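Accompanying notes for the structure given below.
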There are 2 protein chains.
Amino acid sequence: MSNPLDQVFSALADPTRRAILAMLLEDDMAVTDVAEPFSMSLAAVSKHLCVLAEAGLITQEKRGRVKWCKLEPDALRAASVWMQGFGQFEAVDLDGLERFLAAELDDPGPDDPASSLSV
Amino acid sequence: MSNPLDQVFSALADPTRRAILAMLLEDDMAVTDVAEPFSMSLAAVSKHLCVLAEAGLITQEKRGRVKWCKLEPDALRAASVWMQGFGQFEAVDLDGLERFLAAELDDPGPDDPASSLSV
DNA sequence: CATATCGTCAACCATCCGGTTGAATATGGC
DNA sequence: GCCATATTCAACCGGATGGTTGACGATATG
C-alpha cells in the first residue's frame with residue numbers, strides 16, 4: 001500500500017477516522033482527548049491516529065508527555081483532484097468550489113486521468 | 001459498512017478499482033473487456049466490479065450475454081463534498097463547516113457520542 | 001444440436017483490519 | 001523517590017478483503 005492515494009482513501013473509509021478528522025477541524029487535540037468521545041479503547045484510537053498520520057492527514061507533535069494531533073487538510077488535495085476528474089459535480093457551495101478548484105490548478109493536474117492507468 | 005461514505009471511500013482505496021473507474025471514463029465496457037488489461041483472473045475483476053456497483057460508483061446492465069458497466073460519477077458527490085469541506089473552510093468558518101457537515105451528511109457514525117460530528 | 005463465450009458462484013487461502021487486553025515507557029507533580 | 005498521567009507496544013482474536021481455481025448457467029453461433 002505504498003500509493004498515497006491508497007493510503008488516503010483507505011484512511012477515509014473508516015467512520016471513526018472521519019469523525020476524528022472532523023473533531024480536529026476545531027482544534028489540535030491530545031490523543032486522550034481525541035479518544036474521549038469514543039466508546040473504544042485508547043489503544044484503538046491511538047492506532048487510528050497512526051493510520052491518519054501515515055496517510056499524511058494529520059501530524060503529531062509530542063510536547064512533554066502529551067502528543068498533539070493536528071489536521072493536515074492539504075493531504076486531501078491529491079485525492080480531491082483525482083475525484084474531480086470524474087465529472088463536474090455541482091457543489092453545494094459554488095463559490096467555495098471555485099476557490100477550491102482555482103487552488104488546485106496550481107498543482108500538476110492529472111491532465112487525463114483515464115489516459116494513464118497510473119493509479 | 002452501511003454508511004455510503006464508507007463504501008465509496010473503501011471502494012476507491014483499491015488501485016485496481018480506481019483504474020477500472022478511469023477506464024470507464026472513456027466508455028461503457030463489458031466485464032471481459034474491463035478485465036483484459038489486468039493480470040488477475042476474470043473472477044477477481046468481476047468481484048471488483050461488484051464492489052464498485054454496491055458503492056454506487058458504476059451500474060451494470062446485462063444485454064444478451066454481455067454485461068455492460070457504466071460509470072456513475074454522481075456517486076462521488078457526497079464524498080467530494082465531504083472532502084471539499086476540509087480544504088475550503090480550513091481555519092475560516094469552522095462553525096459553518098460543522099453545520100454544513102451536519103446538514104449535508106447526517107449519518108450516524110459507529111459511535112453514539114461522536115455521531116453529532118456527522119461523519 | 002453442439003460448442004464456444006460471458007460472467008458468476010462456491011470453496012478455499014493468505015493477509016489485512018479493527019478491536020481487545022495487559023505490560024511497558026515516558027513524563028510531570030508532590 | 002514515588003505515584004499518577006499520557007501514550008504506545010505486543011500478543012491475540014474474529015471477521016473482512018483480495019486473490020485463486022473449477023464448476024456452472026445462460027446466451028450466441030455454426
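These numbers come from a predicted model, not from an experiment. Residue numbers start from 1 in every chain, and the chains themselves are labelled A, B, ... in the order their sequence lines are given, proteins ahead of strands.
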Does a side-chain heavy-atom distance below 4.5 Å link [X] with [Y]?
X	Y	result
A/Lys70	A/Thr59	yes
A/Met23	A/Phe38	yes
A/Val45	A/Met40	yes
B/Trp68	B/Asp27	no
A/Trp82	A/Arg77	no

Please tell me which of the listed nucleotides, [options], lies nearest to the side chain of [X]?
X	options	result
A/His48	C/dG19, C/dT5, D/dG18	C/dG19
A/Arg65	D/dT8, D/dA6, D/dG19	D/dA6
A/Ala30	C/dG7, D/dT7, D/dA6	D/dT7
A/Lys67	C/dT20, D/dT8, D/dG19	D/dT8
B/Met40	C/dT8, D/dT20, C/dA4	D/dT20

Open item on the list: Heavy-atom nearest nucleotide on DNA chain D for B/Asp14 versus A/Leu49: which residue maps closer to 5'?
Closed with: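 The residue whose closest nucleotide sits nearer the 5' end is A/Leu49.
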- [ ] Identify which one of A/Leu52, A/Ile58, A/Asp14 satisfies the side-chain contact (heavy atoms from CB on, under 4.5 Å) criterion when paired with A/Ile20.
- [x]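 Filter result, single survivor: A/Leu52.
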Task: 5'-most by nearest nucleotide on DNA chain C - A/Ala44 or B/Val31 - done: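 Looking at DNA chain C, the more 5' nearest nucleotide goes with B/Val31.
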Open item on the list: Considering every strand and a 4.0 Å limit on heavy-atom distances, what is the contact class for B/Arg17: base, sugar-phosphate, or nothing?
Closed with: sugar-phosphate
- [ ] Determine the contact category for B/Ala43: base if any of its heavy atoms lies under 4.0 Å from a base atom, sugar-phosphate if only primed atoms, P, OP1 or OP2 are that close, otherwise nothing.
- [x]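 Here B/Ala43 touches the bases of the nucleic acid.
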Using only side-chain N and O atoms of [X], determine if any of them is under 4.0 Å from OP1 or OP2 of [N].
X	N	result
A/Ser46	D/dT7	no
A/Lys62	C/dA26	no
A/Ser41	C/dT20	yes

Protein and nucleotides 11-14 of chain D: nitrogen or oxygen contacts under 3.5 angstrom:
none

Open item on the list: Just verifying a value: how many Å separate B/Lys67 NZ and B/Asp28 CG, rounded to the nearest 0.5 Å?
Closed with: 14.5 Å
